[in-house]
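Each remark here refers to the structure printed beneath this line.
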Amino acid sequence: MSTINNKIFPETFLWGGALAANQVEGAYKEDGKGLSVADVLPDGIWGPIVYPPQGEYLKHQAVDFYHRYKEDIALLAEMGLKCLRTSIAWSRIFPKGDEEQPNEAGLKYYDDLFDELAKYNIEPLITLSHYEMPIHLVEHYGGWTNRKVITFFERFAKTVFTRYKDKVKYWLTFNEINMILHAPFIAGGIRPDQINVTDQILYQAIHHQFVASASAVKICHEIIPGSQVGCMIAGLPLYPLSPNPSDVLEAMKLERKNLFFADVQARGYYPSYINRFFEENNITIKMEDGDESILKNTVDFISFSYYMSGCATADEELNIQSRANILSTVKNPTLPSSEWGWQIDPQGLRYTLNAFYDRYQKPLFITENGLGANDVVNENGEIVDDYRISYLNAHLNEVREAIKDGVEVMGYTSWGCIDLVSQSTGEVRKRYGFIYVDRHDNLTGSFERIKKKSFNWYKEVISSKGEIVG
Ligand code: BG6
């Protein structure tokens, strides 16, 4: 392929990295922060909820970004990052979630963080809710099952939009909103160890999130003219395991479980196919007057995480679910897997970008993609992560193909650009970063930062505007 053909990423492309407050900041009780759902999971999503916490968990200090953000942002700037995605921890701003007045110390922290990014012309892309609901809202209101939480979320959104209106233009509402179906505690503040989480309960909670999200879009547009608000979906294309039409239909049915979330947020109304599912499962959504019209505040762009694809089959004997990220899918026999069993499929990213663009004709943003690997520091003190370079290179190559296909892609923020604490397993040895952090699962480590080999590679990718990809 000629160099000229490689000049395909737009000039405005937001080359970036992505983090989430709960996975990097630590300082889990500092400056008035309240506990969140992230602070009570010692072993990640699949382990028990231990509230109140007993002892110290990895996320309590995480990688100490709260105190080291200046050093980290300087490194990200050295890499040439144009954009940093992170989240505002809801419980730093409203420690319990239902207060009338915000916590000034929490607001001040993000002021300083955004100022630091501005120093280097790094555009912030901010998630309002990245698995960080204040635990008080879980214990006293039942999380998103309770309609009152919409008001608390609106207050939080309004507070941060007003405070950061001159500093943040790009926003996301709920991280991987579709994950509530699989991880109701972190994504919905619903405790499966205490209540029987029926589909009725889940879909009502989802409705509350849809209303809250659409309302945040409206408020953001009013407070910050020119702002852009996106939804965020866990992207996972599902291929039929065989050409059997029953498998094709099964794949369509399962994909719609995820697409439903983007459909409502991008189109502004419930899609017709969901009615049959609701009827067959005795689900009735309680809507209040005005809900349907608030939902019409659709998102400006669609963002998604992409780590893997999966398969679907109608054959019960072959329908063996292997746990992937938060989702489980049927294994694809043609694809390799990461150390954590996530199936690697760069072409699936091109497929997903095209599928979303065909469906919505809205700009797309890849807000997470990366390889979790157990990096080792060699005897020379280096981390030679060629496997990560090859994973990211292959995925970015497919992003370029999708752009050539005509898809409008706003940017790409590689997940965990600095090593962080894993969401699903709660470990730190599952590393995604261009920057290594000396922190270990047994709570030891100096927190020292070391540039990995991929650091220089991504720096070149950005400075060449993607030309070296391929
Ligand atoms: C996404 C989440 O599901 O995947 C992130 O938005 C998460 O919070 C990322 O960290 C990678 O998953 P894991 O389990 O490897 O941390």
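Index from 1, following the sequence. Ligands are counted one by one from 1 in listed order, and the atoms in each one are counted from 1 as well.
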>> Using 30° and 60° as the class boundaries, would you call the ring planes of W144 and W90 parallel, tilted or perpendicular?
In response: tilted

> Going through the checks in order, is the side-chain hydrogen bond (donor to acceptor under 3.5 Å, both in side chains) test met by T127 and N175?
Replying inline: CA-CA 7 Å; T127 317; N175 180 64; 5.5 Å; no

> Considering only heavy atoms, which of Q423, K430, M232, M179 lies nearest to atom 7 (C) of ligand 1?
Replying inline: Q423

> Hey, is W342 touching ligand 1 through its side chain, its backbone, both or neither, going by heavy atoms under 4.0 Å?
Replying inline: side chain

> For the residue pair F94 and F156, does the interplanar ring angle fall in the parallel (under 30°), tilted (30 to 60°) or perpendicular (over 60°) class?
Replying inline: perpendicular

> Under a 4.0 Å heavy-atom limit, does W340 contact ligand 1 with its side chain, its backbone, both, or neither?
Replying inline: neither

> Going by the order shown, which atoms of ligand 1 are within less than 4.0 Å of some heavy atom of Y307?
Replying inline: 4 (O), 9 (C), 11 (C)

> Can you check side-chain hydrogen bond (donor to acceptor under 3.5 Å, both in side chains) on D385 and S454, steps first, answer last?
Replying inline: CA-CA 6 Å; D385 55 344; S454 56; 2.6 Å; yes

> For ligand 1, which atoms, with element, lie under 4.0 Å from some heavy atom of E368?
Replying inline: 1 (C), 2 (C), 4 (O), 5 (C), 6 (O), 9 (C)

>> Residue-level breakdown please: for I45 versus ligand 1, do any non-hydrogen atoms fall below 4.0 Å on the side chain, on the backbone, on both, or on neither?
In response: neither

> Could an N or O of ligand 1 be found under 3.5 Å from any N or O of Y432, whether backbone or side chain?
Replying inline: yes

>> Do Q265 and T298 have side chains that approach each other closer than 4.5 Å (heavy atoms only, starting at C-beta)?
In response: no

